[in-house]
> 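Input: one structure, supplied below.
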Amino acid sequence: MITKGLNASDLTLLSIVQEHPENNQPTKATVFATAKGLDKLRHKIEDFADKNRTKADGSEGRPYNADLVQSIGAIVEAGLRALWRGPISKFPDGDGTIPWEIWLDISQAEAFFARAAEFGVAIGADRLEFPEDLVVIANATQNSLALANRRLAGVRALAAPTVTADYFDAMQIEEQAEWLGALQNLTTFEPIDSPTYITLLDRGVSRAHPLIAPALTGADRHAADPAWGVEDYVGHGTQLAGLSLYGDLTVALQAMMPIQLRQRLESAKIIPDAGHNPHHLLGAMTRAGINAVETAADRRRIFAMASTTEDDTPHDGAPTSWSTEIDQLVAGVSGLKKIPRLLLVSAGNTNQNLFGNDDYLSSSHHPENEIESPAHAWNAICVGAYTNKIFLPFGEAGVPLAPAGDLAPSSRTASWLSHWPIKPDIVFEGGNWVVNGPPPPMGHSALALLTTDHQFPLRVFTTCGETSGATALAARAISELWTEYPHLWPETIRALFISSARWTQQMRSHLPTNPAKGAYGQLFQRYGYGVPDMQRARRSASNALSLVVQDTIQPYRSSDSGGEHTHNEMKLFELPWPVEELRKLADTPVTLRVALSTYIQPNPSEPARGSKFRYASHNLRFKLNRPNEGKSEFIARISKIAEQPEGPVVDEDDGWKFGRNRRDVGSIQIDELSCAASDLARRNIVAVHPVAGWWKARTAKDPENRSARFALVVEIDAEALETNLYAEVQMAIDNLNAVSVVV
């Protein structure tokens, strides 16, 4: 068979198989053909039948495409069996939904992911990436997968799913040790002058494990109480350490690809080995743990804490002593070192005894399943859990409780819809539960994350999950982002990270067809802003760009009358919009997304508990001018709104997706709008302005000496349109810089 012509002209050669070459069995080639490619192949065959080439001497030569067509015995539509990599006897039987291992062309994988759910193909979260292929696990019927394969390009092969976390967890120690050795040989720790440290505020971390020891020196283990040891006798901290470094080891062990680690670890034990901290000491112990590591060295740190308490539940979003101390620590007004910090905290885990075997999402909003303290702190990043873990070992009894892409059953949710901050902020993989028999549903190692075991050398691997595992995965992701942009403030990294999140298609399935602003409340309660996308957080491509501002503002000044202080200043930013390119797009919709992040200083006094304007030192808001709204009109409109912050909130008809009711809470605000590109070209002024906070109260001294940092991230996304937005903005920024130098 001449296969060169089967990998050109809108044809993609997927595989070549000759089952019994000794018996001269014909070779079978499987090809993906677009409609255009099929038409071209048809014309090649017709040309072979009707046209001959002309030789140099003018005589008639061979038919066109002779090498290709003469080597083809028959052309038939390929079914799924033609893509099967294993023995055909292992091809699945039956019409039910089953797991498949799908090998995708790496260049076409994202397009396949974007539309797979339309055809009933549920894609799992785990990815194996090879030079030319991306391998995923999907749940689908034969008919659904066949239809997706026929309509979508990219599927190169199919196979039986390999293993889940329980496969490695159940191994004998000798076999686990062999896998460990292979993984060690593939792992290198990049030498970096100033690496980002993930500081685990937990029960300690074991250095005995060879996957952890290179990232955690003996001097980098500390304890909130000097009388405590630093070893991990429970296992929780060591499990989080493995996830913070490697992610889910199920993926790493199957891919067996080189791993380059740039982050490092620190450990601060804040929970004693025996007993527990008195409730009133929880904030103090957290502060002591942070003081211990910061006294030892000055570093760029991400604090990750998967420890919460249900003693204050339900709090309905109001501050507690622990959450207030977290807000003080992150803002840099508490601790020995008065520096802003980046801190992640888990949302807390649900009580599975409250769940039945069916509608777990209704049970997740039970008051006893409310997000635990201190995860509702304004300045911390609260991490909830979702799941794509839906595959049990073949023949295993039971079914997963949560569908792919939805809330993990273990994840707590917010009970409040307004007033207090949106929590959780984001969600990461936290595993699933299995339904098998009467309630309650139970955990299963196949539906969990694989990580490092603190009992090494007795055990190498173990499973972990829930919101603790999700928090460790989030710490790993945000550490990679901060390592790439080490000069950005913690407030800015927080904004980029959270703003990159989006809801999965399964999450969005809970929305009505044409959702109004208020319809998003339930999604915010469960998933926050969704699942972060690190590529989106980093990118500034030719058809999408992010503008990042780091600045300070002095929100208030003393009143001339001696009464309550007044607003002092707002910051206006005339954005270097790519006006010409946007005008060329005319009525084509583009999406604008804005994120504003600041750290507030808390005031948890009893009168402040009922008002977000009395708990926060300052509250900042962003506004965008309307089409054809000049600067003076814009400023007048903002000033009127800012003077009445505690009055009834009325959404402005500005095209914002979430609206002021959802956006204007907490210390990070995110919203987006879609409008015609030509309209966006005329909306080029963003304002950051203060509204009331306790710094504005008459009792707050010297408001002129109180300033606040903030980060503003503005992103334009023109999706797949071939525009040159970035180039025009870069030129505008270069010109602005040139003018600044001259002045």
Side-chain angles (χ1 to χ4, degrees), residues 104 106-117 122-129 134 136 243 247-248 251 263 302 342 344 381-388 404-408 411 422 424-430 469-485 488 492-509 520 523-524 526-548 590-595 597 657-658 668 670-672 674 711 713-720 725-726:
L104 294 161
I106 199 166
S107 65
Q108 297 175 298
E110 290 302 325
F112 185 88
F113 297 153
R115 297 194 57 198
I123 305 293
D126 297 340
R127 306 282 193 270
L128 298 179
E129 187 170 329
L134 194 67
V136 297
L243 294 174
D248 185 357
V251 179
Q263 68 271 46
I302 296 162
L342 193 59
L344 285 73
I381 299 176
C382 174
V383 184
Y386 87 117
T387 189
N388 274 313
D406 217 319
L407 187 74
S411 188
I422 291 170
D425 293 278
I426 48 92
V427 291
F428 267 79
E429 177 65 64
T471 302
L473 295 180
R476 177 175 182 260
I478 203 169
S479 72
E480 293 173 352
L481 179 64
W482 210 0
T483 298
E484 291 190 29
Y485 301 97
L488 293 181
T492 312
I493 293 295
R494 174 199 189 207
L496 287 167
F497 185 61
I498 298 175
S499 185
S500 75
R502 298 294 187 274
W503 296 313
T504 67
Q505 188 166 354
Q506 173 62 29
M507 295 172 187
R508 297 184 64 85
S509 71
Y520 294 101
L523 270 61
F524 280 120
R526 292 175 182 166
Y527 321 110
Y529 292 97
V531 185
D533 182 334
M534 290 299 95
Q535 289 186 341
R536 183 181 288 115
R538 297 183 184 101
R539 73 178 181 169
S540 190
S542 62
N543 67 329
L545 58 95
S546 297
L547 304 171
V548 179
V590 294
T591 299
L592 175 77
R593 191 171 176 98
V594 181
S597 173
K657 186 173 184 178
F658 307 138
I668 183 167
I670 299 174
D671 209 340
E672 67 178 48
S674 293
V713 178
V714 184
E715 179 187 0
I716 305 177
D717 194 340
E719 297 180 353
L725 303 180
Y726 181 82

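Below, each value reflects all heavy atoms present in this structure, side chains not excepted, and no hydrogens, waters or symmetry copies.
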> Is the backbone N or O of Cys382 less than 3.5 Å from a side-chain atom of Asp425, with the two atoms forming a donor-acceptor pair by type?
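Yes.
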> Nearest heavy-atom pair of Gly384 and Ser411: which atoms, and what distance?
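That would be CA-OG, 3.6 Å.
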> In sequence, state the C-alpha distance, the side-chain angles, and the governing distance for Ile302 and Gln263, and then conclude on side chain to side chain contact (heavy atoms under 4.5 Å, CB included).
CA-CA 10 Å; Ile302 296 162; Gln263 68 271 46; over 6 Å; no
> Give the minimum heavy-atom separation between Ser499 and Arg593, together with the two atoms involved.
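Closest pair (atom of Ser499, atom of Arg593, distance): O-NE, 3.0 Å.
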> What are the two closest non-hydrogen atoms of Thr492 and Ala711, and how far apart are they?
OG1-CB, 3.3 Å
> If the plane angle is over 60° it's perpendicular, under 30° parallel, otherwise tilted; pick one for Tyr520 and Trp503.
parallel
> Using the rule given for side chain to side chain contact (heavy atoms under 4.5 Å, CB included), can you reason through Tyr485 versus Arg538, listing the C-alpha separation, both sets of side-chain angles and the distance that settles it, and then say yes or no?
CA-CA 9 Å; Tyr485 301 97; Arg538 297 183 184 101; 4.1 Å; yes
> Rounded to the nearest 0.5 Å, what separates atom CG in Leu134 from atom CZ in Phe113?
4.5 Å
> Does Ser500 reach the main-chain N or O of Asp533 with its side chain, forming a donor-acceptor pair under 3.5 Å?
yes
> If I compare all heavy atoms of Val383 with all of Pro424, which pair ends up nearest, and what's the gap?
C-CB, 4.3 Å
> Angle between ring planes, Phe428 versus Phe497, binned at 30° and 60°: parallel, tilted or perpendicular?
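The rings of Phe428 and Phe497 lie parallel, inter-plane angle below 30°.
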> As an exercise, state the distance from CD of Glu429 to CG of Asn388, rounded to the nearest 0.5 Å.
6.0 Å
> Do any N or O atoms from the side chain of Asp406 and from the backbone of Met507 form a donor-acceptor pair under 3.5 angstrom?
no
> Side-chain contact test, heavy atoms from C-beta onward, threshold under 4.5 Å: evaluate it for Val594 versus Asp671 and give yes or no.
no
> Donor-acceptor pair, Thr387 side chain versus Ala408 backbone, under 3.5 Å?
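Not at all, since once roles are kept as given, no pair shorter than 3.5 Å links the two residues.
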> Could you walk me through whether Val714 and Leu592 satisfy the side chain to side chain contact (heavy atoms under 4.5 Å, CB included) test, starting with their C-alpha distance in whole Å, then the side-chain angles of each, then the deciding distance to 0.1 Å, before giving a yes or no?
CA-CA 7 Å; Val714 184; Leu592 175 77; 3.5 Å; yes
> Please test Val531 against Arg502 for side chain to side chain contact (heavy atoms under 4.5 Å, CB included), starting from the C-alpha separation and ending with a verdict.
CA-CA 5 Å; Val531 185; Arg502 298 294 187 274; over 6 Å; no
> How long is the span from the CG atom in Leu488 to the CD1 atom in Ile493, to the nearest 0.5 Å?
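Result: 4.5 Å between the selected atoms.
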> What's the spacing between Leu496 CG and Arg536 CZ if we round to 0.5 Å?
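Spacing of CG (Leu496) from CZ (Arg536) equals 12.5 Å.
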> Run Glu672 and Lys657 through salt bridge (charged side-chain N to carboxylate O under 4.0 Å, His left out) and show every step you take.
CA-CA 6 Å; Glu672 67 178 48; Lys657 186 173 184 178; 3.3 Å; yes
> Just wondering, do Ile381 and Arg494 contact through their side chains at under 4.5 Å, heavy atoms?
yes
> What closest approach, in Å, do Ala474 and Leu344 show between heavy atoms, and which atom pair accounts for it?
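Heavy-atom minimum between the residues: CB-CD2, 3.5 Å.
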> Kindly compute the distance separating CG (Leu407) from OG1 (Thr504), expressed to the nearest 0.5 Å.
10.0 Å
> Between atom CG of Leu523 and atom CD1 of Ile422, what is the distance when rounded to the nearest 0.5 Å?
11.0 Å
> Return the minimal non-hydrogen interatomic distance between Ile123 and Ala116, and the atom names on each side.
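Smallest interatomic distance, heavy atoms only, reads CG1-CB, 4.0 Å.
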